[in-house]
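Taking it in order: structure first as structure tokens, then the write-up.
Keep in mind that what you see is a predicted model, and the values were worked out from it rather than measured. Only heavy atoms go into these numbers, but all of them, side chains included; no hydrogens, no water, no symmetry mates.
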Amino acid sequence: MVDRLLVLALALCGLASAQEPSPSPGTPPSSAPVTSGPGSPQWSSLSVEDKLRYDGRHLFDVENLVFAGVGAAIDYWRERPSEWGDGASSFAERYASHLGQYLVQRSIMFPVQAIDHEDPRYFPSKSSRYPRRLRDALLHSVWRHNDRGGMMPAYSEFLGDYGAAAVSRMWWPGRFHNASAVLFAGSSTLVIDAGINVFHEFTPDLKRWLRLKR
């Protein structure tokens, strides 16, 4: 059940992204390593205002909404928490909970990124090998670029994931108001964010595959 939901989520995200307009002739593909990150002529660091605008543009990206629905579906399937019951209204409550947790996460991550100079953008791997690209995408969840183009620990990810988990458990039933529930929820978010990075890494490949199928 869980694996089917994850596959469906990736498929929905991929189809939505595939509807984006193709670049005009002569425009380098967004996945080209030479133009996609630090070290390329097009790269520049983001100011605090730039990061705020970036967060605003990507706050409700389709993959975030889809994965919130996947999380709600998994909780519904597992009847977690059981106090919320079943039926359409209980699924809506779980979906609202996941969206609320996501909004808290983003509200924590932005000020941390502004203070410690993390770059919020995802840059595709410079490798052409699939295993290396997968590794780089997963690693980006805990190790990412800074404003100077170097690498640093993803402090905002850890603080955002586990901070939002702690806040969101407060509107869950009382038996979830403990450290183990926070640890589980925060780690689950970290895994989901890693999956979203993998989606971003391989979306250009999916787009090319869908265009070839047309």
Side-chain angles (χ1 to χ4, degrees), residues 1-20 22-23 28-40 43 54-55 57-75 77 98-99 101-102 105-106 109 113 118-146 149 151-162 164-165 184-213:
M1 176 67 174
V2 175
D3 57 340
R4 291 179 183 178
L5 287 171
L6 291 175
V7 170
L8 177 60
L10 290 172
L12 289 173
C13 293
L15 289 173
S17 298
Q19 303 306 313
E20 296 175 1
S22 301
S30 61
S31 60
V34 70
T35 62
S36 63
S40 68
W43 182 83
Y54 179 89
D55 265 14
R57 287 197 308 271
H58 295 279
L59 186 61
F60 292 109
D61 280 348
V62 62
E63 64 264 25
N64 298 322
L65 301 178
V66 170
F67 274 95
V70 170
I74 293 174
D75 284 346
W77 173 61
H98 278 270
L99 282 182
Q101 181 177 342
Y102 167 68
Q105 177 203 33
R106 298 308 306 176
M109 291 180 73
Q113 291 167 348
E118 284 181 58
D119 194 321
R121 296 170 292 185
Y122 178 80
F123 296 108
S125 171
K126 294 181 179 180
S127 175
S128 60
R129 300 177 57 208
Y130 286 107
R132 180 65 181 270
R133 292 174 63 192
L134 177 62
R135 189 208 69 173
D136 290 346
L138 294 173
L139 186 62
H140 189 268
S141 300
V142 296
W143 189 253
R144 61 185 52 161
H145 291 91
N146 59 33
M151 303 299 293
M152 65 177 291
Y155 297 114
S156 66
E157 183 75 35
F158 294 113
L159 292 173
D161 290 354
Y162 291 98
F184 178 83
S187 300
S188 298
T189 302
L190 186 62
V191 170
I192 289 173
D193 287 350
I196 291 176
N197 288 339
V198 172
F199 164 72
H200 286 156
E201 176 65 35
F202 292 102
T203 291
D205 302 77
L206 179 60
K207 288 180 180 179
R208 286 192 292 270
W209 181 79
L210 290 174
R211 282 197 292 268
L212 289 174
K213 289 293 183 179

Apply salt bridge (charged side-chain N to carboxylate O under 4.0 Å, His left out) to Asp193 and list each qualifying residue two or more places apart in sequence or on a separate chain.
-> none

Sequence-distant partners of Ser187, side-chain hydrogen bond (donor to acceptor under 3.5 Å, both in side chains), two or more places apart | Tyr162

Could you tell me which residues satisfy salt bridge (charged side-chain N to carboxylate O under 4.0 Å, His left out) with Asp161, sequence neighbours excluded, listed by chain and number?
-> none

By ring pair (Phe, Tyr, Trp, His ring centres under 6.0 Å), which residues pair with Tyr102, not counting sequence neighbours?
-> none

Pairing residues for Tyr155 by the ring pair (Phe, Tyr, Trp, His ring centres under 6.0 Å) criterion, not counting sequence neighbours | none

Sequence neighbours excluded, the answer for side-chain contact (heavy atoms from CB on, under 4.5 Å) partners of Phe60 is Leu65, Leu103

The reported gap from CD1 in Ile196 to CD1 in Ile192 (rounded to nearest 0.5 angstrom) is 7.0 Å

Excluding sequence neighbours, so at least two apart, what forms side-chain hydrogen bond (donor to acceptor under 3.5 Å, both in side chains) with Asn146?
-> none

Rounded to the nearest 0.5 Å, how far apart are OG of Ser125 and CG of Leu138?
-> 11.0 Å

From Gln105 atom CD to Asn64 atom CG, the distance as rounded to the nearest 0.5 Å = 8.5 Å

Under the side-chain contact (heavy atoms from CB on, under 4.5 Å) rule, collect the residues that match up with Asp205, sequence neighbours excluded.
-> Tyr130, Arg133, Phe202, Arg208

List in chain and number order the residues that pass side-chain contact (heavy atoms from CB on, under 4.5 Å) with Arg135, two or more places apart in sequence or in another chain; answer none if no residue qualifies.
-> Arg132

Shortest non-hydrogen contact from Gly186 to Ala165?
-> N-CB, 3.4 Å

Locate the shortest heavy-atom distance separating Ser156 from Met109; write the atom from each residue and the value.
-> O-CG, 3.3 Å

Aromatic rings Phe123 and His145: how do their planes relate, parallel, tilted or perpendicular, breaks at 30° and 60°?
-> perpendicular

Tell me, please, which residues at least two apart from Arg106 pass salt bridge (charged side-chain N to carboxylate O under 4.0 Å, His left out).
-> Asp55

List the atom of Ser141, the atom of Glu157, and the distance in Å for their closest heavy-atom pair.
-> O-CG, 3.2 Å

Qualifying residues under side-chain contact (heavy atoms from CB on, under 4.5 Å), relative to Ala72, sequence neighbours excluded = Phe91, Arg94, Tyr95, His98

Apply side-chain hydrogen bond (donor to acceptor under 3.5 Å, both in side chains) to Gln101 and list each qualifying residue two or more places apart in sequence or on a separate chain.
-> Ser168, Arg169, Thr189

What are the two closest heavy atoms between Arg57 and Asp61, and how far apart are they?
-> O-OD1, 3.7 Å

First locate atom CD of Glu63, then atom NE2 of His200, and finally report the distance between them rounded to the nearest 0.5 Å.
-> 3.5 Å

